[in-house]
Student: 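Before I ask anything, here is the structure I am working with.
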Amino acid sequence: MTVETILATKGSHVETITPDRTLADAARLLAEKRIGAIVVSRGPDAVLGIISERDIVRAVAANDGAALADPVERHMTTNVVTCTRHAGINKLMEIMTEQKFRHVPVVEDGRLAGIVSIGDIVKRRVAEIEAEQQALRDYIATA
Ligand code: AMP
């Protein structure tokens, strides 16, 4: 299974924020959209960074909340690991586990083409396992 399978159901929309917006803006967007990370970008092209709920929690914990007025660029991760829609899901799971993050933006020809979260992968794997089990049950019932 590849990233393409997940994007086919999920779509290619990615929430983005510009680097000059505040951490409070990012926190509001995360809460509103019920997501865990936002890609930092100035347009549809370059991925400048990623800001996740963990970055915000860390920043707030470090200075009692004053960081909420800081620009996103001060707390984002700039060395973003991305993938293409042809990336294998197992490989992606391995990368997420080893490098300890839960979101990977999909980039095609230098443009954002989606984002895959560990939640998307788990959801897909559970659906696959259920379908396999059902196929086995059907096979046993008709054998
Ligand atoms: P997350 O598990 O996505 O909440 O992110 C945990 C940490 O990894 C945060 O510091 C994020 O900024 C960072 N991070 C999230 N996704 C990526 C990624 N694709 N590449 C590099 N760092 C990331």
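It should be emphasised that the depicted structure is a prediction, and the values quoted were computed from it without experimental measurement. All values below were derived from every heavy atom in this structure, side-chain atoms included, with hydrogens, water molecules and symmetry-related copies excluded.
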Student: Regarding Gln134 and Asp138, do their side chains bring together a donor and an acceptor under 3.5 Å, going by distance alone?
Tutor: yes
Student: Quick one: does Val106's side chain get under 4.5 Å of Leu112's, heavy atoms only?
Tutor: no
Student: Please report the interatomic distance CD(Glu15) to CD(Glu32), rounded to the nearest 0.5 Å.
Tutor: 8.5 Å
Student: Leu136: which other cluster members, linking ILVMFWY side chains closer than 4.5 Å, directly or transitively?
Tutor: none
Student: Mind checking the NZ-NE2 spacing from Lys33 to His13? Nearest 0.5 Å is all I need.
Tutor: 6.0 Å
Student: Contact between Ser41 and Thr18 at the side-chain level, heavy atoms closer than 4.5 Å - yes or no?
Tutor: no
Student: Should Leu30 and Val80 be regarded as members of a common hydrophobic cluster, given that ILVMFWY residues are connected when their side-chain heavy atoms come within less than 4.5 Å of each other, either directly or indirectly?
Tutor: no
Student: Restricting to non-hydrogen atoms, name the atom on Ala113 and the atom on Glu108 that form the minimum distance, rounded to 0.1 Å.
Tutor: CB-CG, 3.8 Å
Student: Write down the atom of Ala26, the atom of Ile38, and the distance for their closest heavy-atom approach.
Tutor: O-CD1, 3.5 Å
Student: Determine, stepwise, if the pair Glu94 / Asn90 fulfils side chain to side chain contact (heavy atoms under 4.5 Å, CB included).
Tutor: CA-CA 6 Å; Glu94 204 181 296; Asn90 288 344; 5.9 Å; no
Student: Starting from the C-alpha separation in whole Å, work towards a yes-or-no answer on side chain to side chain contact (heavy atoms under 4.5 Å, CB included) for Leu7 and Glu4.
Tutor: CA-CA 5 Å; Leu7 295 187; Glu4 189 137 48; 5.8 Å; no
Student: Indicate if Val107 and Val116 have the same hydrophobic cluster label, given that clusters are the connected sets of ILVMFWY residues with side-chain heavy-atom separations under 4.5 angstrom.
Tutor: no
Student: I'd like to check Thr2 versus Arg85 (side-chain heavy atoms, cut-off strictly below 4.5 Å). Are they in contact?
Tutor: no
Student: Show the nearest heavy-atom pair for residues Leu48 and Pro19, with the distance to one decimal.
Tutor: CD1-CG, 3.8 Å
Student: So do Thr9 and Asp120 actually touch side chain to side chain, heavy atoms under 4.5 Å?
Tutor: no
Student: What's the separation between atom OG1 in Thr16 and atom CG in Leu29, rounded to the nearest 0.5 Å?
Tutor: 8.5 Å
Student: So do the side chains of Thr22 and Pro71 get within less than 4.5 Å of each other, counting heavy atoms only?
Tutor: no
Student: Hydrophobic clusters here meaning ILVMFWY residues chained together by side-chain heavy-atom distances under 4.5 Å, can you tell me if Ile118 and Leu92 are in one?
Tutor: yes
Student: I'd like to know if the side chain of His75 pairs up with that of Glu73 as donor and acceptor (distance under 3.5 Å, no hydrogens or angles considered).
Tutor: no
Student: With the side chain counted from C-beta on, respond yes when Ile50 and Val40 share a heavy-atom pair under 4.5 Å apart, and no when they do not.
Tutor: no
Student: Is there a donor-acceptor pair under 3.5 Å between the side chain of Thr97 and the backbone N or O of Met93?
Tutor: yes
Student: Quick one: are His103 and Ile115 in side-chain contact, heavy atoms under 4.5 Å?
Tutor: yes
Student: Hydrophobic clusters here meaning ILVMFWY residues chained together by side-chain heavy-atom distances under 4.5 Å, can you tell me if Val14 and Val47 are in one?
Tutor: yes
Student: Taking atom CD1 of Ile121 and atom CZ of Arg125, what is their separation to the nearest 0.5 Å?
Tutor: 10.5 Å
Student: Test: salt bridge (Lys or Arg N to Asp or Glu O under 4.0 Å). Region: residues 50-66. Which pairs qualify, not counting sequence neighbours?
Tutor: Glu53-Arg102, Asp55-Arg58
Student: Determine, for Arg28 against Asp25, whether the closest basic-nitrogen to carboxylate-oxygen distance falls under 4.0 angstrom.
Tutor: yes
Student: Does one hydrophobic cluster hold both Met76 and Ile17, with members joined at side-chain heavy-atom distances below 4.5 Å?
Tutor: yes
Student: To the nearest 0.5 Å, tell me how far Ile95 CD1 sits from Gln99 CD.
Tutor: 6.5 Å
Student: Are Ile89 and Arg124 packed together at the side-chain level, in the sense that at least one heavy-atom pair is separated by less than 4.5 angstrom?
Tutor: no
Student: Counting only N and O atoms by type, is there a donor-acceptor contact under 3.5 Å from the side chain of Asn63 to the main-chain atoms of Ala67?
Tutor: yes
